[in-house]
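What follows is a set of notes on a single structure, which appears directly below.
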There are 2 protein chains.
Amino acid sequence: MLHSPLNRLVRKLEADGRELAPAEKEAVLRLPFTLKEVRADHDIVRQGDRPTQCCLVIDGFLCRYKMLPDGERQIVSFHVPGEIPDLQSLFLGKMDHALTTISPSTVAFIAHEAMNALIEGQPKIGRLFWRETLIDAAIFREWIVNTGSRDAYARIAHLLCELFHKLQAVGLTKGTSFGCPITQTEVADATGLSTVHVNRSVQELRGNRLIEWERGTCTILDLQALEDAAMFEPEYLHLAHG
Amino acid sequence: MLHSPLNRLVRKLEADGRELAPAEKEAVLRLPFTLKEVRADHDIVRQGDRPTQCCLVIDGFLCRYKMLPDGERQIVSFHVPGEIPDLQSLFLGKMDHALTTISPSTVAFIAHEAMNALIEGQPKIGRLFWRETLIDAAIFREWIVNTGSRDAYARIAHLLCELFHKLQAVGLTKGTSFGCPITQTEVADATGLSTVHVNRSVQELRGNRLIEWERGTCTILDLQALEDAAMFEPEYLHLAHG
DNA sequence: CGACGCTTTGACCCGTTTCAACAATGGTGG
DNA sequence: CCACCATTGTTGAAACGGGTCAAAGCGTCG
């Protein structure tokens, strides 16, 4: 039990809220699940689907996106280990967007029934899950701000700050470095910019010695300067200690 | 009881989910509240606040917004009667954004304790509230798509489609007309455009005979054409009948 | 070694912003 | 009931951020 993949979820719940009671922790760890390795760029859930299970990220990066009739793809969120990107499918039957892997990933599928039983048996856990979805919404709000009010340079800086803080909260950073398998094309789809302009802006961030970013590893050279450039204020992430 | 302002909330819950059982409906209508008339452009909750009550819109338009350090204002959502824009404050103590009136409005304040008691006593209502917040999140996602992937013309068209459908669901439209007290400056703050360009795009929508919009009333002249121009697909609103 | 995916570059173009007025509109008080 | 003022809406011209297109470099992995 100590090394169950579900510990990722426990750690996440405790990062956003307060510590879990032993009984609560056990109830979470007792959730039945099936593990699955998924290759990169593979849709886990598609727009229009009616899932009967939720997907917990154990390892790797996922994202949610919507396609427009004109072929444009808009990524609306990135997801790192410990998160349940399609928790909403418990209450919103039909998916209004797709969920896909960015990198080769390990995910745990948990049946809706099991989630519902957990929520009923442990209402406090239910509250925490609800809270997770509200933090999700807070991040969406900040993304609206990002695409609506920041220029390209700040937009990309902001995305990197967000990823860094999210990963740090679940212990997936080493110093100011973190594994970041996201391509510039995906950054473009997430920020509403062209890949060409993303590339130039990333080079500018590098040139200003704010970041290093190559071969899937991003290192923040000057966090304060990066956050200033991004107008980043971490409160919206609603992390317990910061 | 029949004409309690809380009927707005009942109607809203039934628009998004299925019909309420009599006992559930009663429990909602028994919520203690205090009514308040609020003038236009008045902050109901500010960024950084820790509210102890929720705000139910009875009459008028509200919006949520975030300010950036550089003075930019980004509106992240509009709210019409029947909605509880700060329901999240039940679980996220500190506001990461502000809530303000667009027009003179009537709102009902409901204490967090009362909301919590209702949710515990009527878990099904709790589920519906959770669902409301998830629909909120779905709308945020669509706004990310809007600012990220659509041009000015489509962006504004999309906003109008959304308002129309939301208002229609709670019975606040007359034909294809609805009261829309939003100014072009507010549309600009919501879409990430300049007021000048909003103005030109609105004129284009008028010129193409898709809408009429003056003196606080918006009439959609050709809903199909407007939705096509906006690439609008109403599923994300998760309304019961459409 | 070759192929594929990702990054990088240059040149040109266009949607949108900015600035700076000016015109309507509507609410207020005398 | 009209004069006044503050919002809101409208216009034109010039500048700019970012988009588009097309091609070339570069890593990595079979």
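Predicted, not measured: the structure shown is a model, and the values here were computed from it. For the numbers below, each heavy atom of this structure counts, side chains included, while hydrogens, waters and symmetry mates do not. By convention in this document, chain letters (A, B, ...) are assigned in the order of the sequence lines, proteins followed by strands, and residues within each chain are numbered from 1.
- Between B:Tyr236 and B:His158, the ring planes lie parallel to each other; the angle is under 30°, not in the 30° to 60° tilted range.
- B:Asn146 and B:Glu142 share no side-chain donor-acceptor pair at under 3.5 Å.
- Side-chain contact, A:His165 with A:Glu227: a donor N or O sits under 3.5 Å from an acceptor N or O.
- Rounded to whole Å, the distance from CG on B:Asp151 to P on D:dG18 is 17 Å.
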Sub-3.5 Å pairs of nitrogen or oxygen atoms, protein against nucleotides 9-13 of chain C:
residue, atom, partner, partner atom, Å
C:dT9, OP2, A:Gln203, OE1, 2.4
C:dT9, OP2, A:Gln203, NE2, 2.9
C:dG10, N7, A:Arg200, NH1, 3.4
C:dA11, N6, A:Arg200, NH2, 3.1

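- Using a 4.0 Å cutoff on non-hydrogen atoms, the parts of residues 177-187 of chain B near DNA chain D are B:Thr183, B:Gln184, ordered by number.
- A:Val187 places none of its side-chain heavy atoms less than 4.5 Å from the side chain of A:Val202.
- An OP1 or OP2 oxygen of D:dT10 is reached within less than 4.0 angstrom by a side-chain nitrogen or oxygen of B:Arg206.
- Taking 4.5 Å as the limit, some side-chain heavy atom of A:Met95 sits within range of a side-chain heavy atom of A:Ser89.
- Using modelled atom types, one finds a donor on one side chain and an acceptor on the other under 3.5 Å when comparing B:Gln224 with B:Asp228.
- A:Asn208 and A:Glu204 share no donor-acceptor pair across their side chains, judged by distance under 3.5 Å alone.
- Residue A:Tyr153 is the one, among A:Tyr153 and A:Arg215, whose nearest nucleotide of DNA chain D lies closer to the 5' end (criterion: closest heavy atom).
- As judged by a 4.0 angstrom heavy-atom cut-off over every strand, A:Gly192 is placed among residues touching the sugar-phosphate backbone only.
- The separation between B:Arg39 atom CZ and C:dG27 atom P is 17 Å, rounded to whole Å.
- The side-chain heavy atoms of A:Phe140 and A:Arg64, taken from C-beta on, include a pair separated by under 4.5 Å.
- Per the geometry, CH2 belonging to B:Trp213 stands 13 Å off P belonging to D:dT8, to the nearest Å.
- As a whole-Å value, the separation of B:Glu72 CD from C:dT17 C1' is 11 Å.
- Counting only heavy atoms from C-beta outward, the side chains of A:Asp136 and A:Ser77 never approach each other to under 4.5 Å.
- Straight-line distance from the NE2 atom of A:His197 to the P atom of D:dC21: 17 Å, rounded to whole Å.
- Distance CZ (A:Arg155) to C1' (D:dG19): 12 Å, rounded to an integer number of Å.
- If you take CG of B:Asp41 and P of D:dA6, they are 16 Å apart, rounded to a whole angstrom.
- Taking atom CG on B:Leu193 and atom C1' on D:dG9, their separation rounds to 16 Å, with Å as the unit.
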